[in-house]
Amino acid sequence: MLVIKRFSELTFNEAILLWNESWKHYFSDMTMDLNRFILKIAGEGISLEKSVVAVYDGKLAGFVLNSFRTINGKRYVWNGGTAIAPAFRGMGVGKKLISVCLKIYEEEKVEIARLEAIKENEAAIKLYESMGYVTFEELTYLQHEGVITTWNDTCSDVKVKEVSMHDIQQLPFFKSTTAWQTQFQSLKDFICVIGVNEEVPLGYAVYKRIYKETGELSAILLYQCVIDEHALQEATVRELVKSVFAPAEGSVKRMTINIPKKEDHVNQLLRKTGFSTYVEQVHMERGIRQTNDYRAVKTFSEID
């Protein structure tokens, strides 16, 4: 018998054991210790009360994590992880979990549900498509480790300066609905810069620098890089990227996080610079039909 319960009913030990077991034999290593798991839940705004767990014949079988936000007056939900333990895959557990989640989304008056899936994970993508999700863009992680040798110091009409998050949010071309983990609400200790020409904003970037305990720079993560479609696009991207990933001579790990592939100028420049693909994902969404019948999903409900 398959039973669905809320994630909040698990102990911390049960939660981390379920997380690690459910990601076994996945495309990348998703396992983590309890501290990292707690940081993930807090950082991504995961609601354990509105996330669900599958229990099959008394054994923890899988889960879906959910996070909710209101953006520009619309209620969004993000599937922050769907995973099924190896012993229970191919038994329809994922479909049952998502079905229950869709009912929760209606209760929460969600308008748009979103998620990301590894591009090579055809089984997961087919599952989401069967539940009404469609792919609206592709996302990429690019990485580079070592010294960058392709940049030069040619002059440009574009100047880069550091600004606040508020300054970025006031730009007419600001994108508030980037991939969930790249939105300001999910970030900590980030830096914002804009590219300007004669004080006219042309584009912006949001990134983070990670340091070792010794104070030495170890990694730079680029979360957002958005250019005004009417701007000096190539020059703006070049100056923003050079500013974000400087110093070029520094042998550090540089990575983009879920940058849309349709941001051609960004991806093309980085590839020319020596960045390579680390992971590609599909970005999927589903509209949630609102009804007047918000029947509560029982905390511990049987699924036939």
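No side-chain heavy atom of Leu269 sits less than 4.5 Å from a side-chain heavy atom of Glu234. Counting only heavy atoms from C-beta outward, the side chains of Tyr76 and Val110 never approach each other to under 4.5 Å. You'll find the side chain of Ile210 stays beyond 4.5 Å of the side chain of Leu217, heavy atoms only. Between Met255 and Ile257 the shortest side-chain heavy-atom distance falls below 4.5 Å. Considering only heavy atoms from C-beta on, Ile220 comes within 4.5 Å of Val244 through its side chain. Side-chain contact check for Lys74 versus Glu111: some heavy-atom pair is nearer than 4.5 Å. Here the side chains of Leu60 and Leu10 are in contact, with some heavy-atom distance below 4.5 Å. The closest side-chain heavy-atom distance from Leu127 to Lys95 is below 4.5 Å.
Applying the salt bridge (Lys or Arg N to Asp or Glu O under 4.0 Å) test to pairs two or more places apart or on separate chains, none has a residue in residues 78-93. Screening residues 41-63 for side chain to side chain donor-acceptor pair (under 3.5 Å), with sequence neighbours left out, gives Lys40-Glu44, Glu44-Gln181. Sorted by first then second residue, the salt bridge (Lys or Arg N to Asp or Glu O under 4.0 Å) pairs that include residues 252-261, not counting sequence neighbours, are Glu138-Lys261, Lys261-Glu280. Residue pairs meeting the salt bridge (Lys or Arg N to Asp or Glu O under 4.0 Å) criterion with at least one member in residues 187-199, sequence neighbours excluded: Lys161-Glu199.
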For side-chain contact (heavy atoms from CB on, under 4.5 Å), just list the numbers for Gln281 and Asn258, CA-CA rounded to whole Å, side-chain angles, deciding distance to a tenth of an Å, and then say yes or no. CA-CA 8 Å; Gln281 298 198 109; Asn258 274 337; 2.9 Å; yes
Could you walk me through whether Ser99 and Met131 satisfy the side-chain contact (heavy atoms from CB on, under 4.5 Å) test, starting with their C-alpha distance in whole Å, then the side-chain angles of each, then the deciding distance to 0.1 Å, before giving a yes or no? CA-CA 8 Å; Ser99 296; Met131 303 302 292; 3.2 Å; yes
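Between the side chains of Gln185 and Trp180, no donor-acceptor pair of N or O atoms lies under 3.5 Å. Side-chain contact, Thr277 with Arg271: a donor N or O sits under 3.5 Å from an acceptor N or O. For Arg36 and Thr31, the side-chain atoms include no donor-acceptor pair closer than 3.5 Å.
Here the closest heavy-atom approach between residue Asp167 and residue Val163 is recorded as OD2-CB, 3.5 Å. Ser22 and Gly62 get closest at one heavy-atom pair: OG-CA, 4.0 Å. Counting all heavy atoms, side chain and backbone alike, Glu116 lies closest to Ala179 at OE2-CB, 4.3 Å.
The salt bridge (charged side-chain N to carboxylate O under 4.0 Å, His left out) test applied to Lys262 returns Glu137, not counting sequence neighbours. Judged as a side chain to side chain contact (heavy atoms under 4.5 Å, CB included), and not counting sequence neighbours, the contacts of Val160 are Val193, Glu239, Leu240, Ser243.
Ile118 and Val134 are assigned to two separate hydrophobic clusters, defined by single-linkage of ILVMFWY side chains at heavy-atom distances under 4.5 Å.
If you look at Trp19 and Phe63, their ring centroids are closer than 6.0 Å. You'll find the ring centres of Phe184 and Phe190 inside the 6.0 Å limit. The aromatic ring centroids of Phe245 and Phe275 lie less than 6.0 Å from each other.
Surrounding OH of Tyr278 are at most 12 heavy atoms belonging to other residues, nucleotides or ligands under 6.0 Å away.
In this structure, Arg114 pairs ionically with Glu285, as a charged nitrogen and a carboxylate oxygen lie closer than 4.0 Å. A salt bridge does not link Lys109 with Glu106: none of the charged nitrogens is closer than 4.0 Å to a carboxylate oxygen.
Exactly one of Thr82, Asn79, Val282 qualifies for a side chain to side chain contact (heavy atoms under 4.5 Å, CB included) with Leu115. That residue is Asn79.
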